[in-house]
Amino acid sequence: ENVNADGYARTYRLFARADTAHADRLGDLAAPALFMTGSEDRNSTPAMSAAMARLAPAGQCAVLSGERHMMTIASPQKVTQRIMAFLDQASNASTNAEAGPPFDAMEFRRALGSFLTGVTIVTTIDDAGDPRGFTANSFTSVSLDPPLVLVCIAKRALGHQAFSTSRGFAVNILAEDQKAASGIFASKAADKFASVAWQPGQTGNPLIGGSVAVFDCDLEQLVDAGDHSILIGRVHDFTHNGAQPLGYCRGAYVTPGLSQEALAAAAPPGTEVGVILENEGRVLFFETAEGSYQLPAGRGLGSANEPRSLKGKLAAKAIDAELGFLYAVWDDAADASRTHVYYRGTVDAPVSGDGQIRFIDIDRIAELKIADPAVRSMLARYARERAEDMFGVYVGNEVEGEVRPLAKPEPSAPIHSGPIHSGQR
Ligand SMILES: Cc1cc2nc3c(=O)[nH]c(=O)nc-3n(C[C@H](O)[C@H](O)[C@H](O)COP(=O)(O)O)c2cc1C
């Protein structure tokens, strides 16, 4: 009732006509421009802000997660922070503008390629409800609390529009046997998803079967960065398994797991192949009748139906092990023709029903009677390294930090099992 009808009409006439007058001028905007909205804003949608940012030559789009139309009033601090960051960035860019020496773009790409990475397929659902995806190795973990990850998408990618305006995306970390899928999702094929088994996750984003790990994310922030956009995702849900991850380096795939299996498989027949199998801080041993302890080991890696081989021995005791990376290789002091090859691995639940199987806490391994001195010293190294990486955590920020040990819980104290907060120093 108190609304001024004339004023209201005038304002809405302006809304309706302003686009025709101004939209084409965005391309002439020389100054850096920030187009910001809330992820829940139905009037000024993230898609609209992203489209404007693309039209403006130095435009960037920011979508504030969970905010709505009145975000300047509802969350002034959040909005101001984002504007301040934008202004800082704009003023740094102008001071760095003095051109440095030109450099070779191909060489730059080659140098970047020496960084060994994994391979992911990043997926989303576009406006039409169709699944979209592209292969990416620019995946990076960003923050533990809140849980954030990022991936960079080229502005040239056909999927750029779909990803930069989406509500979220899923990152599927590929396994060694998913090279073919990586190739298809790195192509411009029309129906990339016909070639893989997938299902929608909790957020609807496509999750690809057989992946080593999957992070299902809401789009937290879209950052404009040169010829790419950085998609920062807030992890909503994730899964992972023990399969071997696919790697990528210098323009080619690398398969560390397969190479290591090939090494053990090709080893001379006398080779002892063993494994340190871990389950929640304990290592699996076989206790002999004389009270000494042995790691699972056999003649060669073999297969389940070769009883003398490692895989045969594990199968005979119904141990469902996941072999990981190679841990140690040494020649026998007494017989130089005999090589010992040991893997690291994991085993699911402690297996019962076999009187010989023992799970020993890592820090108690030193007390065990172990006949082979080489195995004993390998296990001492394992215990040392394991104590460091298991109870250490990286603390710091993007410019400085260090790995610090966390206090180990006393055996009698309740084990704190919540997420690690960055404030817990
Ligand atoms: C191993 C590998 C890693 C890649 N990483 C990225 C990446 O991080 N970001 C990106 O935009 N493209 C990356 N690409 C290229 C895209 O997968 C490729 O351009 C794809 O065609 C994009 O799909 P679209 O154009 O259908 O959206 C990568 C390709 C390969 C093979």
Side-chain angles (χ1 to χ4, degrees), residues 46-47 50-51 53-54 60-61 105-106 108-142 148-196 198 205-208 210-217 219-233 235 243-259:
R54 267 198 309 281
Q60 56 178 279
C61 165
M106 273 314 285
F108 181 48
R109 288 182 70 142
R110 276 192 210 108
L112 291 175
S114 38
F115 185 53
L116 171 69
T117 67
V119 184
T120 73
I121 293 177
V122 187
T123 58
T124 194
I125 297 287
D126 68 14
D127 278 352
D130 293 326
R132 304 291 295 259
F134 69 105
T135 301
N137 68 342
S138 55
F139 170 74
T140 301
S141 60
V142 174
L148 302 177
V149 297
L150 72 76
V151 69
C152 304
I153 181 168
K155 290 181 182 166
R156 279 207 322 255
L158 297 178
H160 185 268
Q161 159 88 6
F163 279 94
S164 56
T165 58
S166 71
R167 296 182 66 85
F169 57 90
V171 180
N172 301 268
I173 313 260
L174 299 188
E176 284 189 332
D177 59 4
Q178 290 177 302
K179 271 191 224 172
S182 169
I184 290 165
F185 280 82
S187 75
K188 306 274 176 197
D191 190 4
K192 301 180 182 182
F193 284 85
S195 64
V196 293
W198 66 277
N205 297 318
L207 309 184
I208 295 177
S211 305
V212 177
V214 171
F215 300 94
D216 197 359
C217 309
L219 180 60
E220 170 88 357
Q221 200 182 328
L222 180 71
V223 182
D224 183 84
D227 54 9
H228 279 62
S229 295
I230 306 172
L231 306 168
I232 300 182
V235 180
Q244 296 284 15
L246 180 61
Y248 194 76
C249 193
R250 303 204 165 113
Y253 295 110
V254 286
T255 50
L258 284 177
S259 325

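We count residues from 1, following the sequence as given. Order of appearance sets the numbers: ligands from 1, and atoms from 1 within every ligand.
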His160 vs Arg54, side chain to side chain contact (heavy atoms under 4.5 Å, CB included): CA-CA, chis, key distance, verdict: CA-CA 11 Å; His160 185 268; Arg54 267 198 309 281; 4.2 Å; yes

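- Residues Leu222 and Ser229 come closest through the heavy atom pair CD1-CB, 4.0 Å.
- Among all protein heavy atoms, the one lying closest to atom 28 (C) of ligand 1 is Thr135 O, 3.2 Å.
- Taking a cut-off of under 4.0 Å to the non-hydrogen atoms of Ala157, the atoms of ligand 1 that pass are 25 (O), 27 (O).
- Considering all non-hydrogen atoms of both residues, Ile153 and Ala157 come closest at CG1-CB, 4.0 Å.
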Check against side chain to side chain contact (heavy atoms under 4.5 Å, CB included), Asp224 and Cys61: CA-CA 7 Å; Asp224 183 84; Cys61 165; over 6 Å; no

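- When hydrogens are left out, the protein atom nearest atom 25 (O) of ligand 1 is Lys188 NZ, 2.5 Å; that is the closest non-hydrogen contact.
- Across Cys152 and Ile230, no two heavy atoms sit closer than the pair SG-CG1, 4.1 Å.
- Nearest protein neighbour of atom 11 (O) of ligand 1, counting heavy atoms only, is Ala154 N, 2.7 Å.
- Listed by number with element, the atoms of ligand 1 under 4.0 Å from a non-hydrogen atom of Tyr248 are 1 (C).
- Taking a 4.0 Å cut-off on heavy atoms, Phe185 registers as neighbouring ligand 1.
- Among residues two or more places apart in sequence or in another chain, the ring pair (Phe, Tyr, Trp, His ring centres under 6.0 Å) test is passed with Phe139 by Phe215.
- In this structure, Thr255 and Lys179 approach most closely via the heavy-atom pair CG2-CE, 3.9 Å.
- Nearest protein heavy-atom neighbour of atom 9 (N) of ligand 1: Cys152 O, 2.8 Å.
- Of the polar atoms of Ser138, at least one N or O is found under 3.5 Å from an N or O of ligand 1, judged by distance alone.
- When atom types are taken as modelled, the side chain of Asn137 and the backbone of Val119 share no donor-acceptor pair closer than 3.5 angstrom.
- Within the 4.0 Å heavy-atom criterion, the part of Lys192 lying near ligand 1 is the side chain and not the backbone.
- Among protein heavy atoms, the minimum distance from atom 27 (O) of ligand 1 is reached at Gly159 N, 2.8 Å.
- Scanning the protein for heavy atoms near atom 18 (C) of ligand 1, the closest one is Ala186 O, 3.5 Å.
- Closest to atom 22 (C) of ligand 1 among all protein heavy atoms lies Phe134 CB, 3.7 Å.
- Heavy-atom contacts of Leu158 reach the following atoms of ligand 1: 24 (P), 25 (O), 26 (O), 27 (O) (cutoff under 4.0 Å).
- A ring-centre distance under 6.0 Å is not found for Phe134 and Phe185.
- With a heavy-atom cut-off of 4.0 Å, Ser187 touches ligand 1 through its backbone alone.
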